[in-house]
Every structure is written in C-alpha cells, then in structure tokens.
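Every value quoted in this text rests on a predicted model; they were computed, and no experiment measured them.
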Amino acid sequence: MSENLPITMKDIARALGISIATVSRALNDSPRISSLQRKRIQEYAKEHNFYPNVIGEALRHNRIQPLKVIGVIVPEFVHYYFASVLSGIEEKARSCGYRVMVAQSNERYDKEVAICDDFFKNKVCGIIVSLAKDTKQYDHFRRLMDNGVPLVFYDRICTGVNGSRVVVDDYNGAYSAVSHLIETGCKRIAFYGSPMNLELSKNRYNGYHDALVKNGLKVDESLIRLCDNRMQAEAITPEILSLPAHERPDAFFAINDDTAIGILYTAKRMGFRVPLDISVCGFTNGNRAIACDPMLTTVEQRGVTVGEEAAKILIGQVEGTLPRNEVVMRVVRTRLVVRDTTR
C-alpha cells in the first residue's frame, strides 16, 4: 500500500486480526461491537486515511448493479476546447456502458490533488485528466497508478508519470500557423504562450521558434510573452503595439483563441487595421473564432476526437483489451483554418 493513499476494510481487518464484517460494523457504529473495539477500529481507520466506497455502499443498499464510472478532470469548463473534449469522452463512454463523473480543478494543484482523492474514494474505474497550470508535482498521480487506477492524460500531459496520453500535434500546428504568417509577408511575429512547465506550451513555442528560424527570421525575445487568456492579452498588448514602428510586431501567434481575440480587439481599439496592419492567429477553432470581427484564423484542435481517443484507451485498459502496464500514446492531427485576421 502506497503512503498516504486510502486503505480498504480488508487491509484494516488484516492489520487488526479481525473479520471484515467486524470492521464494517464498527465503522457504521453498530451496537453489536463493543465501544472499545469500535474506538480501536475507527481510530486505526482515521490514522491510515480510510475512506468508504460511497458509490458502492449506496448501490448495495439499493440492490442495484454497480455502475462503471470514469472520472474526468477538466482545468476549466469555460474553455470551448475542454468542453469539446468532454463531449467526446461522454459520447464514447456512454456507447460502452460507462458513466462519467466530472470535476474542475480551476487550474489549481491543490484542488487537483483533492479531486484525485475523491475519485479514489468513490472507486472510479479510471481517470482522464488534463493538468492544472501550476501542477509541478505528480505524487497524486503515481499513488493512483500504484494502486491500480489507470490514468489517461489529454492535452496537458504529465511527463513525470509514465501514463497513457492523447495529444494534438502542437508542434506542427504552431509551425504551420507561423509559416502562414511569414508567407503572407509578416516579419515580426509575437508569441503569447502558457507556462513552460506544460508540455503543450513547449511544443507550440518550439513550432513558432523553428518556423522563424527556417525562414531566416530573428527570434526576438522581447516579442515573447507569458499570456494565455483574453484579460491578460488586453492588459499587455497596448504596450507592445505602442512601440516604434520598426520594433512593433506585425503579427501575433497566440496559444489559444481567447488570447488571440484579446489581441484582436485591443489592436482594433488602438486604431490598427486587422489584418492590413496587424495579423492575428489563434489555436483552438472554437465557436468564438467565428463570432469575432473579423473572423479568426486559427489552428483546429479537434477536441471531440481527443476525448473519444482518451476514452477508448481508458476503457481498453479497464476491460483488459489494452495492457495497463504499457503506455499508449495517440496524436490527433491539427489543421490551419485561414479566415480574415490574416492576409
């Protein structure tokens, strides 16, 4: 049993030399067990981080067959991409007879850890997860895998854990987007990205970097900013667009559509013409990409396909058609969707 991970009633019974039935009665405050024995068992359970199987107990009392439940961790529901991934997971899970239990980490490591503990307590058969932005420690994932809970990472994958994963082709998506900007005459291209502890951030930055280098353009560090949402984009873009003409970017490549839209509307408010003066390209191809004016050039991530593939892998590992001790990796291709924010 791994340190700090909840134990089972069987573990308690073995440690105390009593029956599982005695443990169960004591944890339910049954008068059939002496108060001294109840206290002994309950204190041992508390000390060793025991949690009851909430779903299992409820199902037993209602005489219903146990459900097959997949846990899904989403960083934020507000993003179109994560919503589309969830749609793909739910569709595939439902077709295979599974239910989905969804929780939002709100981009917080501590909440992500708590969700993993809750899922374990509720005996989900496996977990599909995209990392919170500030997750840099991975013990909570290792504990789950050590205790036989299969994990599949999507989008923001965990390189510190040898788990299965589904990703989009971030590098080539970014490379094709920046190459398009260069082909249309842009020479000073700014990059707004996420924290570099996230693998997708590294891959998208590398695609941006390599496209510039291959086309003989200088990588200007002053045009590279940590910015991955609309609010931040609207806060920092005025400073960049206020630079002298020879220093000012003539294009922006943003790590997601929300950030790109923040750039777009800031440029328009400042009197720049998009795309004649400033080109803008995002990464997602959500509903907002066609709701803005002008409509956004962006890289399509195909979130529904990502969700379907993640669910296929997890269900395969749960049912034994895929080995749990092998890492399965699927890469979903991106495509550049050219609209009106680029020349």
Member of V274, I263, T266 meeting the side chain to side chain contact (heavy atoms under 4.5 Å, CB included) criterion with F252: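 Result: among V274, I263, T266, I263 is the only option passing the side chain to side chain contact (heavy atoms under 4.5 Å, CB included) with F252.
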Do NZ/NE/NH1/NH2 and the carboxylate oxygens of [X] and [Y] come within less than 4.0 Å?
| X | Y | answer |
| --- | --- | --- |
| E43 | K46 | no |
| D146 | R143 | no |
| D258 | R288 | yes |

Let me confirm one number: the [atom1]-[atom2] distance from [X] to [Y], rounded to the nearest 0.5 Å.
| X | Y | atom1 | atom2 | answer |
| --- | --- | --- | --- | --- |
| Q37 | I18 | CD | CD1 | 5.0 Å |
| I315 | S95 | CD1 | OG | 6.5 Å |
| F283 | L200 | CZ | CG | 8.5 Å |
| L336 | N172 | CG | CG | 12.0 Å |
| E309 | I89 | CD | CD1 | 11.5 Å |
| K136 | L198 | NZ | CG | 9.0 Å |

Do [X] and [Y] have a side chain donor and acceptor closer than 3.5 Å?
| X | Y | answer |
| --- | --- | --- |
| N28 | R38 | no |
| T334 | E300 | no |
| D257 | T298 | yes |
| N203 | N206 | no |
| Y98 | E90 | no |
| E112 | N106 | no |
| T22 | S19 | yes |

Same cluster (ILVMFWY, side-chain, under 4.5 Å), [X] and [Y]:
| X | Y | result |
| --- | --- | --- |
| L264 | M295 | no |
| V166 | L314 | yes |
| Y138 | I115 | yes |
| L151 | V167 | yes |
| I313 | F82 | yes |

Applying salt bridge (Lys or Arg N to Asp or Glu O under 4.0 Å), can you list everything that pairs with [X], at least two apart in sequence or on another chain?
| X | answer |
| --- | --- |
| R333 | none |
| D139 | R142 |
| D210 | none |
| E234 | R230 |

Would a 4.5 Å heavy-atom cut-off, applied to side chains only, mark [X] and [Y] as touching?
| X | Y | result |
| --- | --- | --- |
| S164 | M329 | no |
| I182 | L212 | yes |
| I128 | I70 | yes |
| C227 | T259 | yes |
| N256 | N229 | no |
| V299 | R335 | no |
| Y205 | Y171 | no |
| H140 | Y109 | yes |

Take K92 and E308 through the test salt bridge (charged side-chain N to carboxylate O under 4.0 Å, His left out) and record every step on the way to the result. CA-CA 6 Å; K92 182 60 182 177; E308 290 173 344; over 6 Å; no
Please report the shortest heavy-atom distance between [X] and [Y], naming the atom on each side.
| X | Y | answer |
| --- | --- | --- |
| V280 | A260 | CG1-O, 3.5 Å |
| A26 | I41 | CB-CD1, 3.5 Å |
| D155 | S130 | CB-OG, 3.9 Å |
| L223 | E247 | CD2-O, 4.2 Å |
| P150 | R324 | CD-NH1, 3.7 Å |
| R339 | A289 | NH1-CB, 3.6 Å |

Sequence neighbours left out, cut at 3.5 Å: what donor-acceptor pairs do the side chains of residues 237-244 make with other protein atoms?
from, atom 1, to, atom 2, distance (Å)
T237, OG1, Y192, OH, 3.0
T237, OG1, A233, O, 2.6
S242, OG, P238, O, 2.6

For [X], what residues pass the side-chain hydrogen bond (donor to acceptor under 3.5 Å, both in side chains) criterion, not counting sequence neighbours?
| X | value |
| --- | --- |
| S194 | D228 |
| R302 | none |
| R32 | none |
| S179 | none |

If you look only at pairs with a residue in residues 182-191, which of them pass as a side chain to side chain donor-acceptor pair (under 3.5 Å), with sequence neighbours excluded? R188-D220
Closer than 3.5 angstrom, by distance alone: can the side chain of [X] be matched with the main-chain N or O of [Y] as a donor-acceptor pair?
| X | Y | result |
| --- | --- | --- |
| H180 | S176 | no |
| R343 | P275 | yes |
| T342 | V338 | no |
| E107 | K133 | yes |
| R204 | I255 | yes |
| R40 | L16 | yes |

Under the 6.0 Å and 45° cation-pi test, does K123 pair with F120? yes
Transitive ILVMFWY cluster of V337 at side-chain heavy atoms under 4.5 Å: who else is in it?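 Joined to V337, directly or through intermediates: none.
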Side chains of residues 73-80: which donor-acceptor pairs under 3.5 Å do they make with residues two or more places apart or in other chains?
from, atom 1, to, atom 2, distance (Å)
E76, OE1, H79, NE2, 3.2

Aromatic contact, Y208 with Y175 (centres under 6.0 Å): no
Pair F191 and H209, ring centroids less than 6.0 Å apart: no
